[in-house]
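Below is one structure, written out as structure tokens; comments come after it.
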Amino acid sequence: MKPSSSTSDIAGKPCILCCAITGSVPTKAANPAVPISISEQVESSHAAVEAGASIIHAHVRNDDETPSSDPEKFARLKEGLEKHCPGVIIQFSTGGRSGAGQARGGMLSLRPDMASLSVGSNNFPTRVYENPPDLVAWLASEMMKYEVTPEIEAFDLSHILQAIKMHEDGKIFGKLYVQFVMNVKNAMPADKEVFDFYAHIMATRAPGSPWCAAGIGPTQHVVNEWAIAAGGHTRAGLEDNVRMDRTTLAPSNAALIARAADICAKYDRPVATPAQARQLLGLRPA
């Protein structure tokens with residue numbers, strides 16, 4: 001992909017790199033580098049921060065690698081990240097694979113900097129990802145209560161529009177920040193025309209609000225480049241993609257972040273430091 005004609009418009013604009021370190025699905029059988037234990041997650045996050053990540057998007061797992069929503073595990077991870085990755089933005093997942101109902105937000109009282117928030121339902125590879133309105137409203141209110149800025153995970157156009165409305169209605173804490181999640185099987189594919197329309201909607205319906213994008217599986221680096229070239233921010237990591245290419249496993253989260261940082265250099269965009277990212281997202285100082 002060649003740099004776009006608008007490269008000069010984005011040159012010098014810092015790009016926030018988010019590292020999705022673990023997720024709920026990838027296992028060590030898929031890639032031994034997937035960090036499962038708290039100590040592995042902290043070590044992997046430290047390397048990713050050194051490679052350019054300013055946000056750590058975190059899930060926690062049980063010893064058997066199954067997903068968990070245990071607040072005690074999140075507390076230990078938060079403590080480790082604050083100690084070994086000082087200043088990094090800590091973003092907890094409230095995703096539906098790791099718990100049901102209000103258990104999904106049980107860790108919000110720990111007051112992470114950010115937490116993911118899905119504001120609508122959609123299909124996933126083998127099931128419906130359910131986000132009923134009452135649960136969405138409760139999660140958003142808990143984030144408001146504990147001053148946690150949501151990262152809206154948008155799997156569909158309706159999710160973007162709903163997030164904008166919730167923000168306009170004062171139901172979302174802090175600055176609106178929307179992430180386009182593309183290429184989840186049975187949800188929105190990684191389609192450049194759709195991506196461009198998403199970016200257009202953010203520019204026209206929520207001007208001044210930052211946004212980012214993530215591509216699942218082999219589209220990770222493609223969506224990374226689309227987002228960076230369009231002036232947005234982006235996400236990489238083993239949660240979304242365990243490979244560098246069809247035949248090569250990613251050796252670490254840091255390797256995937258480093259690849260995104262290389263794309264930033266291609267478009268003359270500096271990689272945002274954690275302090276810069278906090279300022280861009282309107283977060284409290286570390």
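Computed from heavy atoms alone, side chains included, the values below leave out hydrogens, waters and symmetry copies.
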To the nearest 0.5 Å, what is the distance between CE on M114 and CZ on R278?
10.0 Å
Parallel, tilted or perpendicular: which fits the ring planes of F155 and F124, with parallel below 30° and perpendicular above 60°?
perpendicular
Check the orientation of W226 and F195. Use parallel for under 30°, tilted for 30 to 60°, and perpendicular for over 60°.
tilted
Salt bridge (charged side-chain N to carboxylate O under 4.0 Å, His left out) between K28 and E40, intermediate numbers included:
CA-CA 12 Å; K28 288 188 177 294; E40 287 176 336; 3.2 Å; yes
Strictly distance-based, threshold 3.5 Å: is any side-chain N or O of H167 a donor or acceptor partner for the main-chain N or O of G174?
yes
Rounded distance (nearest 0.5 Å) linking atom CD of E82 with atom CG of L77:
9.5 Å
So, does Q220 use its side chain to make a donor-acceptor pair with the main chain of G237 at under 3.5 Å?
yes
Can you label the angle between the Y177 ring and the H233 ring as parallel, tilted or perpendicular, going by 30° and 60°?
tilted
Set out, in order, the CA-CA distance, both residues' side-chain angles and the distance that settles salt bridge (charged side-chain N to carboxylate O under 4.0 Å, His left out) for K13 and D268, then state yes or no.
CA-CA 8 Å; K13 180 181 179 182; D268 296 322; over 6 Å; no
Excluding V271, membership of its hydrophobic cluster (Ile, Leu, Val, Met, Phe, Trp, Tyr; side-chain heavy atoms within less than 4.5 Å) reads L17, I257
Contact check, side chains of S209 and I164, non-hydrogen atoms, under 4.5 Å:
no
S45 meets the side-chain contact (heavy atoms from CB on, under 4.5 Å) criterion, sequence neighbours left out, with I21, I56, L81, C85
Please identify each residue that fulfils side-chain contact (heavy atoms from CB on, under 4.5 Å) with D64, with sequence neighbours left out.
N62, T66
Which pairs, with at least one residue in residues 135-147 and sequence neighbours excluded, count as a side chain to side chain donor-acceptor pair (under 3.5 Å)?
R111-E147
In short, G170 meets M144 closest at the heavy-atom pair O-CE, 3.2 Å
Contact summary for I89 and D113, nearest pair of heavy atoms
CA-OD2, 3.6 Å
Just to verify, what does T27 make a side chain to side chain donor-acceptor pair (under 3.5 Å) with, not counting sequence neighbours?
none
For residues 197-205, please give each side-chain donor-acceptor pair under 3.5 Å, one per line with the distance, not counting sequence neighbours.
unit_1, atom_1, unit_2, atom_2, d
Y198, OH, L157, N, 3.4
T204, OG1, H200, O, 2.9
T204, OG1, I201, O, 3.4

